[in-house]
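Notes follow the structure.
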Amino acid sequence: MGPRSVPLLPLLLALLGRPDPGRAEGCDLQPVAAETPITLSYATSTVPRGCVSNSSMDTAHEVHVLSVKWSKASPVPLTVTVTPGADACRRPAVLILLCTRCSATITSPCSNLIIRTDAHLSPETIRAPNPEPPMVSSEGKLLTWVLDTYGGITSYSELQDPRRVQLHLGEDARSPPECTPQEHFNAVLHLETEVFFHGVKGCSRSDTQSTRAAHIIHLQSEPSSPIREVNLSLSCPDNYVGNQILILQSKVNFTWSLFLKCHIQLMVSGSYKMVSLFPMLFPGELLPDTEQDLIAKAFEKNYSVIASYSAIPASTHISLEIQGHEVVEMPVTTIPVVNTQPPDLPHQVLLTLKPWKCTDETMEIVIIRSYLEPIKDVVNITLRDISCQAEKNATHFMLKSPLNHCGTSLEGRGYANNELILSLAKDAVLRSVRVGFQCEIPRELFLRLFPTAAFEAPQTELEINKEAFVQASMRWMDHPADLQLKECWLVASGREPVLLVQGGVARGAGVVVLEGPPSSHGRKIWRFSFTYTIPEGGHMPFSAILKCKAGLQNDTIFEKVLEVTVKDAWRPLNYRGLGLPAVLGITFGAFLIGALLTAGLWYIYSHTPGFQHGASLGEQQHQPQHRQHPEHPLLHQQHGLTPPGRPEPTQPLANGLGDPPQCH
């Protein structure tokens with residue numbers, strides 16, 4: 001039986017960091033008919049129908065009409081806030097609110113506001129309304145009645161499922177003379193409303209029993225939209241912990257300001273900040289912008305249930321409430337202590353920082369200690385195996401572990417699962433908080449160079465005429481047996497590339513293919529050794545690159561490059577990259593400089609007044625001094641006038657390849 005054929009397209013998409021759309025097969029998004037898993041509302045100034053006019057400017061009142069329609073009963077009363085315009089309530093205004101079978105609260109600082117509504121008003125609406133508007137059967141009849149009653153219409157807005165309305169008073173002479181309703185009317189000059197979104201869709205893969213759920217919010221932004229920042233408030237029921245992820249997709253130039261009241265995994269496009277935790281801005285990641293690809297992305301992260309998918313217009317504010325249909329106990333072991341911080345704060349902080357990074361064989365945790373300041377009194381951090389403790393210094397917590405140690409589980413496809421356990425000390429009382437996490441194992445080829453056959457302590461130095469050991473490795477969960485090392489080259493500037501391995505067979509002189517350890521958890525490992533030699537009189541490069549390719553069958557999929565520094569054991573590192581003529585030239589130059597300096601000193605010394613050729617030190621001391629002269633700085637020795645000894649030749653300095661020696 002031949003090797004299993006693997007489609008090339010999913011592999012290429014994975015290489016490009018894009019999800020395979022095929023992963024979304026079997027998940028057909030449908031409107032959520034049962035109990036909605038979320039309550040979602042967003043702010044907008046675009047109404048289904050609306051218009052403005054200047055027809056009220058010569059009348060006794062400005063008149064605003066709100067006609068509310070409902071898809072389903074509102075879970076909360078409608079809030080309407082009326083704010084004054086430039087005339088500061090001097091001109092009387094009329095608000096006509098048609099909201100049959102709904103409760104509403106209307107507030108305004110303008111005491112001369114006239115309210116006509118069929119809604120049930122709450123006690124917060126302090127003034128009694130005027131008589132109800134008439135029962136009308138159409139939009140046209142409503143506007144005709146308003147014109148007949150007040151002589152003009154300032155604005156008309158049809159609202160669908162509003163949660164709150166902010167109405168700004170004021171008239172504009174530049175408005176049309178008549179109020180003619182238009183579809184999808186932009187009412188930004190006089191109105192902003194927060195509306196409930198009832199178009200939530202969801203699905204789950206038919207072949208899964210997983211409870212891991214994803215919530216996706218997809219902002220549909222128009223190119224001309226001025227909105228570049230959105231505030232998102234997220235809340236969950238008390239003591240609710242769900243194995244869920246929130247995926248926020250927007251244009252890359254969006255900034256998300258997140259107000260989180262529960263902990264949840266996050267995937268965010270654009271950039272984002274945790275308003276209640278960190279002042280800094282975190283870069284997001286590039287997410288796909290189609291419905292199918294976003295579903296595939298969630299499935300790729302092992303979230304097999306799309307609990308909610310919401311495609312909404314770009315907005316300045318979004319409110320998301322996750323309903324608590326499943327309540328799970330917090331995985332926290334504590335000794336009773338009074339705790340004033342939110343119980344899920346450690347989860348929020350760590351799931352925001354995501355301080356874990358995995359390769360195909362290691363997991364590394366690096367946490368800047370100042371980022372943990374919102375979590376008070378962190379004294380220690382371990383993994384699930386508490387013997388794996390993080391090292392700490394004044395600025396960081398750091399921990400590095402093989403993937404098969406410290407309680408790490410590799411059960412997921414392409415992920416390593418573990419827990420960060422924070423030990424907190426408060427008033428001499430210890431408690432621990434467990435934060436589970438998933439570390440994605442990159443689907444890429446890894447190259448490492450080792451000095452010995454033990455394959456321990458990788459390095460990036462390649463020594464000439466000494467055997468070096470190479471390991472190429474990769475995790476490939478889909479049929480790892482089909483993955484093969486295609487070829488490896490050593491490339492140095494100024495020299496012909498050297499083919500080391502091709503198709504699993506040694507090709508270069510001195511290359512030996514070694515037997516690697518058996519595959520485990522989908523990880524394939526290839527090993528070989530080689531000796532890098534340079535012909536006598538040949539140029540020694542300063543650096544070289546080791547380049548390998550791995551793929552399935554005959555299609556190359558992955559390539560990795562490792563840059564190494566070339567080292568010659570017998571030659572001092574200071575002369576790396578310098579040929580023998582250059583070294584001899586530098587040495588001769590240093591000798592010549594020393595000789596000239598000595599001759600100059602001797603000339604100055606011999607022409608100094610008071611010097612007598614051939615006189616000994618004692619004779620000079622007894623000769624009378626007929627004149628005073630300053631001592632020359634170069635003769636300011638310890639009392640002797642014998643010429644100074646020859647200085648040592650100046651040593652050339654290692655300033656990098658091709659740098660000239662510096663004289664001091």
Side-chain angles (χ1 to χ4, degrees), residues 39-53 56 61-85 89 92-127 129-130 132-133 139 142-143 146 150 153-172 175 179 181-198 227 230-231 233 312-319 321:
T39 299
L40 176 64
S41 59
Y42 62 92
T44 181
S45 291
T46 300
V47 297
R49 286 178 63 80
C51 60
V52 294
S53 78
S56 63
H61 308 86
E62 63 174 283
V63 182
H64 298 271
V65 183
L66 303 179
S67 178
V68 178
K69 301 184 182 303
W70 300 100
S71 301
K72 57 179 68 175
S74 173
V76 295
L78 172 63
T79 300
V80 180
T81 304
V82 182
T83 58
C89 302
V94 177
L95 170 63
I96 300 172
L97 173 63
L98 298 181
C99 188
T100 307
R101 298 187 304 277
C102 82
S103 298
T105 299
I106 303 175
T107 59
S108 175
C110 297
S111 59
N112 57 354
L113 176 67
I114 300 172
I115 302 173
R116 302 194 69 162
T117 181
D118 57 357
H120 175 71
L121 296 180
S122 65
E124 286 81 3
T125 304
I126 56 175
R127 67 183 63 84
N130 291 76
E132 295 182 6
E139 177 186 88
L142 171 63
L143 296 182
V146 175
Y150 295 100
I153 300 174
T154 309
S155 75
Y156 166 74
S157 301
E158 179 185 301
L159 305 175
Q160 185 71 43
D161 300 314
R163 182 174 194 164
R164 64 172 180 85
V165 180
Q166 181 98 17
L167 179 65
H168 307 286
L169 298 179
E171 296 168 297
D172 188 351
S175 299
C179 194
Q182 302 173 13
E183 299 285 340
H184 303 291
F185 181 70
N186 185 358
V188 66
L189 295 180
H190 67 273
L191 182 144
E192 181 184 74
T193 179
E194 183 178 343
V195 298
F196 288 105
F197 180 71
H198 294 307
I227 299 175
V230 54
N231 296 320
S233 300
I312 63 175
S315 174
T316 57
H317 178 77
I318 299 172
S319 177
E321 302 170 20

Dump the intermediate steps for side-chain contact (heavy atoms from CB on, under 4.5 Å) on Ser45 and Asn186, then the final yes or no. CA-CA 6 Å; Ser45 291; Asn186 185 358; 4.2 Å; yes
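- The distance from the CG atom of Asp118 to the SG atom of Cys99 is 7.0 Å, given to the nearest 0.5 Å.
- Rounded to the nearest 0.5 angstrom, Arg164 CZ and Glu194 CD are separated by 5.0 Å.
- To the nearest 0.5 Å, atoms OG (Ser41) and NE2 (His317) are separated by 6.0 Å.
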Before you tell me yes or no, could you show the steps for Val68 and Cys102 under side-chain contact (heavy atoms from CB on, under 4.5 Å), namely the whole-Å CA-CA distance, both residues' side-chain angles and the distance that decides it to 0.1 Å? CA-CA 9 Å; Val68 178; Cys102 82; 5.7 Å; no
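- Distance alone, capped at 3.5 Å, is enough to place a donor-acceptor pair between the Ser315 side chain and the Ala43 backbone.
- Under a 3.5 Å cut-off, the side chain of Glu62 and the backbone N or O of Gly170 do form a donor-acceptor pair.
- For Val82 against Pro109, the heavy-atom pair with the smallest separation is O-CD, 3.3 Å.
- When Thr117, Leu66, Val146 are each tested for a side-chain contact (heavy atoms from CB on, under 4.5 Å) with Ile96, only one passes: Val146.
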Determine, step by step, whether Arg101 and Trp70 satisfy the side-chain contact (heavy atoms from CB on, under 4.5 Å) criterion, reporting the C-alpha distance in whole Å, the side-chain angles of both residues, the deciding distance to 0.1 Å, and the verdict. CA-CA 10 Å; Arg101 298 187 304 277; Trp70 300 100; over 6 Å; no
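- When every heavy atom of Leu78 is checked against every heavy atom of Pro162, the shortest pair comes out as CD1-O, 3.8 Å.
- Partner Ser157 forms a side-chain contact (heavy atoms from CB on, under 4.5 Å) with one of Arg49, His190, His64 and no other, that one being His190.
- One finds the CD atom of Glu183 at 12.5 Å from the OG1 atom of Thr46 (value rounded to the nearest 0.5 Å).
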Does Ile318 form a side-chain contact (heavy atoms from CB on, under 4.5 Å) with Leu40? I'd like the steps, not just the answer. CA-CA 7 Å; Ile318 299 172; Leu40 176 64; 3.4 Å; yes
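- When all heavy atoms are compared, the tightest approach of Phe185 to Gln182 is CB-O, 3.7 Å.
- Taking both residues in full, the closest heavy atoms of Phe196 and Ser74 are given as CE1-OG, 3.7 Å, listed atom of the first, atom of the second, then distance.
- In this structure, Tyr150 and His61 have perpendicular ring planes: the angle between them is above 60°, well past the 30° mark.
- Taking the side chain as every heavy atom from C-beta outward, Glu139 and Pro181 approach each other to under 4.5 Å.
- Distance check: Leu159 CG to Leu97 CG gives 8.5 Å after rounding to the nearest 0.5 Å.
- Considering every non-hydrogen atom in both Asp161 and His198, the closest pair reads OD2-CD2, 3.1 Å.
- With hydrogens and angles disregarded, no donor-acceptor distance shorter than 3.5 Å links the side chain of Ser53 to the backbone of Thr154.
- Ser175 and Val52 get closest at one heavy-atom pair: OG-CG2, 3.9 Å.
- A distance of 10.0 Å separates CD1 in Ile106 from CG in Leu167, rounded to the nearest 0.5 Å.
- Side chain of Thr193 to backbone of Val195: no donor-acceptor contact under 3.5 angstrom is found.
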side-chain hydrogen bond (donor to acceptor under 3.5 Å, both in side chains) between His168 and Thr83: does it pass, once the steps are laid out? CA-CA 5 Å; His168 307 286; Thr83 58; 3.0 Å; yes
